[in-house]
Visitor: 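Dumping the structure here so I can ask a few things about it.
We number each residue from 1, following the sequence as shown. Both ligands and their constituent atoms are indexed starting at 1 by order of listing.
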Amino acid sequence: MSFLIEDKVAVVTGGSSGIGLETVRLLLQHGAKVAWCGRDVSRLQASMESLAAEYSAEDMYIQQCDVLDKASVHRFIGTTAATFGQIDMLINNAGQGMVADFESTQDEDWLSEVQLKYFSVLNPVRCVLPYLRKSTIASVSNVNSLLALKPETHMIATSAARAGLLNLSKNLAHEFIKDGVRVNSILIGMVESGQWQRRYQNRSDLEQSWEDWIAGIAQKRGIPMGRLGKPVEAARALVFLASPLSSYTTGSVIDVSGGFSKEI
Ligand code: NDP
């Protein structure tokens, strides 16, 4: 099935790794042109190189950009629009979670978590909106977490900030309807990606393989599907929401958690 995004232009924040990189790959596979960013230049270059054999250099654009730096986002979006002539889809993926309970979360941690979750969306949306208003398939798709609905004490600030982002996404969806811009989110449970690889590096049992470590987490957390998600499984939901295949869907969410959410 086609996603109907051939020759359309997508921006993916945090496209150099994990879910973002698989989203970039899937968009390219379906004929879109894609610009993506990240903070680390070498990771960004490596992501471009990993795609270079399969996709045309003319359809790809990378730029170093911290989504919390307004001027940098402005430059990234401006150059993307100048390179491809239009922007049709924005996928806000850049970010990470903070593992800390109430006692160990300082005021500055609260501020940085709220800043990351809100401004990683607000900064790109502000810059991309004028281009989206000119598109016939305009969409914003936000990567969010099941923590927004199902808070966890060991990620207290991330959970609260994620809930706020879900509320914000709904409101943006309603405000942007008049501009023909859809806004949706995916709610992730646990997906094997850079975040988990970094936690694996710090595991207590250094003998444990990645596969055993990941399987142990799935079992301990009681994920009904018995495993963590793959980045491409999150990417598929994101590209569906970004594409005209979901043309009558806005202010909505897709749960990508392997059945972890029992709420109705
Ligand atoms: P990865 O660490 O593999 O990917 C994160 C990507 O975002 C990297 O490309 C990273 O590049 C980039 N990034 C991070 N911060 C910034 C920033 N300030 N500006 C620009 N780019 C940035 O992890 P995931 O693929 O898992 O993460 C994708 C999203 O999914 C994140 O928002 C994460 O919080 C969310 N999520 C993931 C879950 C999971 O289980 N994997 C669970 C719930 C939510 P660089 O570091 O070079 O900037």
Visitor: Atom CE in Met98, atom OG1 in Thr158: separation rounded to 0.5 Å?
Guide: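 Going from the CE atom of Met98 to the OG1 atom of Thr158 covers 6.0 Å.
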Visitor: Taking Arg221 first and then Glu152, would you say they form a salt bridge - that is, a charged N and a carboxylate O separated by under 4.0 Å?
Guide: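 Salt bridge: yes.
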Visitor: Decide whether an N or O pair under 3.5 Å exists between Met190 and ligand 1.
Guide: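 Not met; the criterion fails.
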Visitor: Quick test of your reading of the structure: of Gln195, Gln96, Glu22, whose heavy atom lies closest to atom 33 (C) of ligand 1?
Guide: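 Looking at heavy atoms only, the winner is Gln195.
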Visitor: Is Gln197 close enough to touch ligand 1? Criterion: a residue heavy atom under 4.0 Å from a ligand atom.
Guide: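 No, Gln197 has no heavy atom closer than 4.0 Å to ligand 1.
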Visitor: For ligand 1, is Cys65 a contact, meaning one of its heavy atoms is under 4.0 Å away?
Guide: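 Judged by the 4.0 Å heavy-atom criterion, Cys65 does count as contacting ligand 1.
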Visitor: About how many Å separate OG of Ser257 and CE of Met190, when rounded to the nearest 0.5 Å?
Guide: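 If I round to the nearest 0.5 Å, the distance is 8.5 Å.
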Visitor: Is there a polar contact between ligand 1 and Gly38, counting only N or O atoms under 3.5 Å apart?
Guide: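 In fact, backbone or side chain, Gly38 has no N or O that close.
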Visitor: Does Arg198 come within less than 4.0 Å of ligand 1, judged by its heavy atoms?
Guide: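 A heavy atom of Arg198 does come that close to ligand 1.
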Visitor: Taking 4.0 angstrom as the limit, do Lys230 and Glu233 come out as a salt bridge?
Guide: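 Glu233 and Lys230: not salt-bridged.
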Visitor: Decide, yes or no, whether a salt bridge links Glu6 with Lys33 under the criterion of side-chain N to carboxylate O below 4.0 Å.
Guide: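 Looking at Lys33 together with Glu6, the answer is no, because their closest N to O distance does not fall below 4.0 Å.
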Visitor: Please state which option from Val143, Leu44, Asn93 has its nearest heavy atom closest to atom 32 (O) of ligand 1.
Guide: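 The option holding the nearest heavy atom is Asn93.
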Visitor: Taking distance alone, with no angle check, do Gly194 and ligand 1 share an N/O pair under 3.5 Å?
Guide: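 Yes.
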Visitor: Please state whether Thr13 comes within less than 4.0 angstrom of ligand 1, counting heavy atoms only.
Guide: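 In this structure, Thr13 fails to qualify as a contact of ligand 1 - no heavy atom is under 4.0 Å.
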Visitor: Do the side chains of Arg39 and Asp66 get close enough for a salt bridge, i.e. N-O under 4.0 angstrom?
Guide: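 No.
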Visitor: Mind jotting down which residue pairs meet the ring-ring contact (aromatic ring centres under 6.0 Å, His included) criterion with at least one end in residues 9-44? Sequence neighbours excluded, please.
Guide: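 Counting only pairs at least two positions apart or across chains, the ring-ring contact (aromatic ring centres under 6.0 Å, His included) contacts touching residues 9-44 are Phe3-His30.
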Visitor: Report yes or no: do Arg182 and Ser246 form a side-chain donor-acceptor pair below 3.5 Å?
Guide: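 Present: a donor and an acceptor within the cut-off.
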Visitor: Under 4.0 Å, counting heavy atoms only: does Trp36 come that close to any atom of ligand 1?
Guide: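 Outside the 4.0 Å threshold, so no.
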Visitor: Parallel under 30°, tilted from 30 to 60°, perpendicular over 60°: which one fits the rings of Tyr61 and Phe76?
Guide: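 It falls in the parallel class, under 30°.
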Visitor: Does Gly189 reach ligand 1, in the sense of a heavy atom lying below 4.0 Å from it?
Guide: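 The answer is yes: ligand 1 sits under 4.0 Å from a heavy atom of Gly189.
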Visitor: Taking only heavy atoms of Ala94, which atoms of ligand 1 are found under 4.0 Å from at least one of them?
Guide: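 So the answer, numbered in order with elements, is 7 (O), 13 (N), 16 (C), 20 (C), 21 (N), 22 (C), 32 (O).
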Visitor: Please determine if Arg162 has a nitrogen or oxygen closer than 3.5 Å to a nitrogen or oxygen of ligand 1.
Guide: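 N/O-N/O distance under 3.5 Å: yes.
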Visitor: Tell me whether Asn144 has any N or O atom under 3.5 angstrom from an N or O of ligand 1.
Guide: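 For ligand 1, there is no N or O atom that lies under 3.5 Å from one belonging to Asn144.
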Visitor: Kindly confirm or rule out an N or O of Leu116 lying under 3.5 angstrom from an N or O of ligand 1.
Guide: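 No, since none of the N or O atoms of Leu116 sits under 3.5 Å from an N or O of ligand 1.
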Visitor: My understanding is that only residues two or more places apart in sequence, or in another chain, count here; which of them pass side-chain contact (heavy atoms from CB on, under 4.5 Å) with Ser209?
Guide: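 With neighbours one apart ignored, the set is Glu211, Asp212.
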